[in-house]
2 protein chains.
Amino acid sequence: MYYYIHMSNPFGTYIRTQREARRQNDSSFSVRQLATRIGVEPSYLSKVERGETPPPSEEKIRRLANELNDDPDVLLAMAGKVSTDLQDVIRRRPALFASLLRDLKDAPEHAVLRLVREVRDGEW
Amino acid sequence: MYYYIHMSNPFGTYIRTQREARRQNDSSFSVRQLATRIGVEPSYLSKVERGETPPPSEEKIRRLANELNDDPDVLLAMAGKVSTDLQDVIRRRPALFASLLRDLKDAPEHAVLRLVREVRDGEW
DNA sequence: GCTCATGTGTATATAGTAGTACACAGTACC
DNA sequence: GGTACTGTGTACTACTATATACACATGAGC
């Protein structure tokens, strides 16, 4: 017997919006059918979309991202989570990546992107 | 009624080692007194050190790091966790930081450090 | 040899996570 | 106008996280 505090709910709202958009052209994007495809009970997906229950597990969020053609990292972020593979990167070299992230915390997007590009071009 | 699978236990082992090292010169680093200072029951800290129970919460780990003069990020990593403030950095710009981290995942330490230095010197 | 601190065993509590099972009322469609 | 699918309400479950409370035997120091 408990209540889920029902504030804003960015994750569920976004999922519902995306699902209904897809549904215009594809009737298989009903709550029931999508729920079945990602492997949960329809009533559960319904509750998640309405924010009556917290977002599902990382795995289910990944399947949602896949079905809805969305970036899993972005959906996970909306759900208040961080991908476990990213957490693993940090956990293997905590001091190093902690300082990198804290330094880049407020860096403008283009600056970070430049670093990404530098790294990708193999400049090290 | 459950058992904690008691494999390797890097966190507890490390804490015990550090605590006993400190205790050579300072008798206040007994299980009981340290537990009291960080705000947990002595029997709980004992179980954590012996790996009978999983590592404590982030907050308690931070207090341990403080008492033992250790890097909180490193202790958290040993406990299989990532600091919530770092998770927040990623969650605010998930696509950006996800790609950065995945690209740097296997980069050699000195290359990452060079980036840290670049950023610190404000080259953006 | 008594006191007091020490480490640890046993039992238990509470919240959060991550769902399932099933029934029920509305709607679509043919 | 019956069939079949839809969204959702109600009730329940199992497991994990994060601990507390207290008792007990041991050992060290005065």
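Because the structure is predicted, anything quoted here is derived from the model rather than measured. Naming: A, B, ... by sequence-line order, numbering from 1 per chain. What's counted below: heavy atoms across the whole structure, side chains too, no hydrogens, waters or symmetry copies.
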Chemist: For A/P10, is there any backbone N or O sitting under 3.5 Å from a side-chain donor or acceptor partner on A/T13?
Modeler: no
Chemist: Let me know the distance between CD of A/E41 and C1' of D/dT6, rounded to the nearest Å.
Modeler: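 So the two atoms are 15 Å apart, to the nearest Å.
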Chemist: Less than 4.0 angstrom between a side-chain N/O of B/R50 and OP1 or OP2 of C/dG7, yes or no?
Modeler: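 No, B/R50 has no side-chain N/O under 4.0 Å of OP1/OP2 on C/dG7.
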Chemist: Check whether any side-chain heavy atom of B/V82 lies under 4.5 Å from a side-chain heavy atom of A/V82, and answer yes or no.
Modeler: no
Chemist: Please list, by residue number, the residues of residues 21-40 of chain B whose heavy atoms come closer than 4.0 Å to an atom of DNA chain C; answer none if no residue qualifies.
Modeler: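 Per residue number, the list reads B/R23, B/S30, B/V31, B/R32, B/Q33.
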Chemist: Taking only heavy atoms on the protein side, list every residue of residues 69-85 of chain B lying under 4.0 Å from any atom of DNA chain D, sorted numerically.
Modeler: B/K81
Chemist: Compare all side-chain heavy atoms of B/P56 with those of B/V48 and state whether any distance is below 4.5 angstrom.
Modeler: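 Sidechains of B/V48 and B/P56: in contact.
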Chemist: By a strict heavy-atom criterion of less than 4.0 Å, which residues belonging to residues 57-64 of chain A are in contact with DNA chain C?
Modeler: A/S57, A/K60
Chemist: To the closest 0.5 Å, what do you measure between OH (A/Y14) and CG (A/L75)?
Modeler: 6.0 Å
Chemist: As an exercise, state the distance from CZ of A/R32 to CZ of A/R37, rounded to the nearest 0.5 Å.
Modeler: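 So the CZ of A/R32 and the CZ of A/R37 are separated by 14.0 Å.
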Chemist: Roughly how far, to the nearest 0.5 Å, is the CZ atom of B/R117 from the CG atom of A/D103?
Modeler: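 Going from CG on A/D103 over to CZ on B/R117, the span is 12.0 Å.
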Chemist: Mark yes or no for a side-chain to base donor-acceptor pair under 3.5 Å between B/K47 and D/dT18, with no hydrogen or angle criteria applied.
Modeler: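 Result: no qualifying N/O pair found.
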Chemist: Counting side-chain heavy atoms from C-beta on, which of C/dT10, D/dT8, C/dT8 comes nearest to B/R16?
Modeler: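 That would be C/dT8.
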Chemist: Would B/R22 pass as a cation-pi partner of B/F29, given that its NZ or CZ must be under 6.0 Å from the six-membered ring centre and within 45 degrees of the axis?
Modeler: yes
Chemist: Measuring from B/L100:CG to A/L101:CG, what's the distance to the nearest 0.5 Å?
Modeler: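 Answer for the CG-CG pair, B/L100 versus A/L101, is 7.0 Å.
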Chemist: Any donor-acceptor pair, under 3.5 Å, between the side chain of B/T53 and the base of D/dA17, if you only look at N and O atoms?
Modeler: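 Counting by modelled atom types and ignoring angles, no donor-acceptor contact under 3.5 Å is found here.
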Chemist: Whole Å only: how far is the CG atom of B/L45 from the P atom of D/dA21?
Modeler: 16 Å
Chemist: Whole Å only: how far is the CD1 atom of B/I15 from the P atom of C/dG7?
Modeler: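 It is 15 Å, rounded to the nearest whole Å.
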Chemist: Charged N to carboxylate O under 4.0 angstrom, B/E58 versus B/K81?
Modeler: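 No salt bridge links B/E58 with B/K81.
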Chemist: When the distance from OH of B/Y44 to P of C/dA13 is rounded to whole Å, what number comes out?
Modeler: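 To the nearest whole Å, that distance equals 18 Å.
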Chemist: Could you give the distance from CD1 (A/I38) to CZ (A/R62), rounded to the nearest 0.5 Å?
Modeler: 13.5 Å
Chemist: Looking at B/D73 and A/R102, is any side-chain nitrogen of the basic one under 4.0 Å from a carboxylate oxygen of the acidic one?
Modeler: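 B/D73 and A/R102: salt-bridged.
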Chemist: Output the rounded distance in Å from CZ (A/F11) to P (C/dA18).
Modeler: 11 Å
